[in-house]
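For reference, the structure discussed in these notes is given below.
Below, chain A is the first sequence line, B the second, and so on; all start at residue 1.
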Number of protein chains: 2
Amino acid sequence: MSVQIKFNLNEGLYIKNPQESKLGKKIIQFSIILISEIGFETFNFKKLATKINSTEASIYRYFENKHLLLLYLVNWYWEWVNYLINFYSMNITNTEKKLEIIVHSLIFATENNSLVEFIDESKLHKIIVFEGTKAYHTIEVDKENSIGLFKSYKKLTANIASIIKEYNPDFKYPKSLASTVFEMTNNQLFFAKYLPNLTDVKKPNNSEKEIEIMLNFYLKKLLS
Amino acid sequence: MSVQIKFNLNEGLYIKNPQESKLGKKIIQFSIILISEIGFETFNFKKLATKINSTEASIYRYFENKHLLLLYLVNWYWEWVNYLINFYSMNITNTEKKLEIIVHSLIFATENNSLVEFIDESKLHKIIVFEGTKAYHTIEVDKENSIGLFKSYKKLTANIASIIKEYNPDFKYPKSLASTVFEMTNNQLFFAKYLPNLTDVKKPNNSEKEIEIMLNFYLKKLLS
DNA sequence: TAATTATGAAAGTATAACTATCATTTAAAA
DNA sequence: TTTTAAATGATAGTTATACTTTCATAATTA
């Protein structure tokens, strides 16, 4: 069984909606595979074109440049995590449990849920951990922000912040904590894998579980 | 009065030590100015060469490529913050005060202390906030890590972690908290400036102070 | 079946990211 | 002071990236 889900991503992200054609889906599918394999800096449209037996020109009809393609993928991820959090906390009334669902969703976004057939969520998550922040650390932030290209991140942050506030209405920094939890998760996953000296993770191959425990501890301690 | 300080940065960062020649210092000085002005992606050695009335070839004699130049600058920053923390906590016995010094050093690395005449610390700090993580989110992390190019970051983290442990010997995640404080500071400074919706900062022009208060709150709460 | 739209194929431009060679300047050693 | 070595500049060249343009062909849709 596969549920068909389509996220409405900001139109400024693409020239032509990749979710609405065969080639578009292939671009998304294989850009995820390629970027996760060779890294964003060495990735380019020519290599992608070769991989999918298409041409550079065709890819440029969907995305203005590789930066916007990355931003598209990152937006998709933001929407996806948001969806996961809402999905898993749907019938939950216990707010503490909801905090745990946030953490779990952020870390085990790693599992290939195959929510959408052409997106390998596990590889996408790898890209987020490795390249995610590059999507907004660009000289064009202000311009891109003004046309709504980070709306999904704001929505996700607002959603997490609302759960934080639900858990502790007196907490002064719900939004900052929300964005910090997001960034910190990816950072600690990155460090655990590549620069373990910057963390306290013991088992590098099972670091997700340790990081989950740590994040839950952080959150509850801060909000107590 | 100007105290002459020279950090010993890993030799793998450069081909020829830029701190030991006039041209080398100019490369550092103006790369900081240029990158902070136009951003890392649009920065290149040709533009830098033009700015300092030199040539691309000459710059390539100091740095293999612009990525390693950035990593050099980031390493310099890690050393510098570490120096600041040690300097300001030198005669302090109160461990709580030491935590505050960490936070203050990370945030107000912003002030141009002119510790070294050819480095504008305020502009360098801007680069760290904006481009810093790009220095280690690269496909070459493992290789670069193996030859010691992140040693300064590890040293800084270890130093902060030791103060954390001094404050609370039972705390389970001193290193993770140390790297998180570093990353979180830069992130929240970035968000406050460019994506304020992701934070709780009220005055965008005086966000440093607010972030400092928040970070101190986080730290003490977590370590209590 | 015609008309529209999407894609492919091929070629071309501008700039980035280097490398190589040799001349000239500057600094250090004799 | 002269000689020598090292550092820098000037110039040119190579390869790759990041696009753009034009036209032909294939696939849809009306």
Which atom pairs, one a donor and one an acceptor, fall under 3.5 Å between side chains of residues 140-150 of chain B and the rest of the protein, sequence neighbours left out?
| unit_1 | atom_1 | unit_2 | atom_2 | d |
| --- | --- | --- | --- | --- |
| B:E144 | OE2 | B:H67 | ND1 | 3.4 |
| B:N145 | OD1 | B:K154 | NZ | 2.7 |
| B:N145 | ND2 | A:Y194 | O | 3.4 |
| B:S146 | OG | B:K143 | O | 2.6 |

For the residue pair B:K66 and B:F45, would you count it as a cation-pi contact if the rule is NZ or CZ under 6.0 angstrom from the ring centre and within 45 degrees of the ring axis? no
Report yes or no: is the cationic atom of B:K16 (NZ for Lys, CZ for Arg) under 6.0 Å from the centre of the six-membered ring of B:Y62, at an angle within 45° of the ring normal? yes
Rounded to whole angstrom units, what separation is found between the [atom1] atom of [X] and the [atom2] atom of [N]?
X     : N      : atom1 : atom2 : answer
B:L23 : D:dG9  : CG    : C1'   : 10 Å
B:I15 : C:dC18 : CD1   : P     : 10 Å
B:L68 : C:dC18 : CG    : P     : 10 Å
B:K46 : D:dA10 : NZ    : P     : 14 Å
A:Q19 : C:dA6  : CD    : P     : 16 Å
B:L69 : C:dA16 : CG    : P     : 16 Å
A:E64 : D:dC19 : CD    : P     : 8 Å
A:N65 : D:dT20 : CG    : C1'   : 14 Å

Any base atoms under 4.0 Å from A:E20, or only sugar-phosphate, or nothing? Heavy atoms, all strands. nothing
Which part of the nucleic acid, if any, lies within contact of B:E41, taking any heavy atom under 4.0 Å across all strands shown: a base, the sugar-phosphate backbone alone, or nothing? nothing
Pick the nucleotide of DNA chain C nearest each of A:S21 and B:K66; which residue has the one closer to the 5' end? A:S21
Hey, does the side chain of B:N44 come within less than 4.0 Å of C:dA16's phosphate (OP1/OP2), counting only N and O? yes
Establish, with yes or no, whether the OP1 or OP2 oxygen of C:dT7 is under 4.0 angstrom from a side-chain nitrogen or oxygen of A:K16. yes
What is the ring orientation for B:Y136 with B:Y153, classed by angle as parallel under 30°, tilted 30 to 60°, or perpendicular over 60°? tilted
[atom1]-[atom2] distance between [X] and [Y], expressed to the nearest 0.5 angstrom:
X      : Y      : atom1 : atom2 : result
A:R61  : A:I59  : CZ    : CD1   : 10.5 Å
B:W78  : B:K155 : CH2   : NZ    : 12.0 Å
A:L156 : A:S179 : CG    : OG    : 10.0 Å

Considering only heavy atoms, which members of residues 52-62 of chain A lie under 4.0 Å from some atom of DNA chain D? A:E56, A:A57, A:Y60, A:R61
Which of C:dA16, D:dT17, D:dA7 is nearest the side chain of A:K47? It is D:dT17
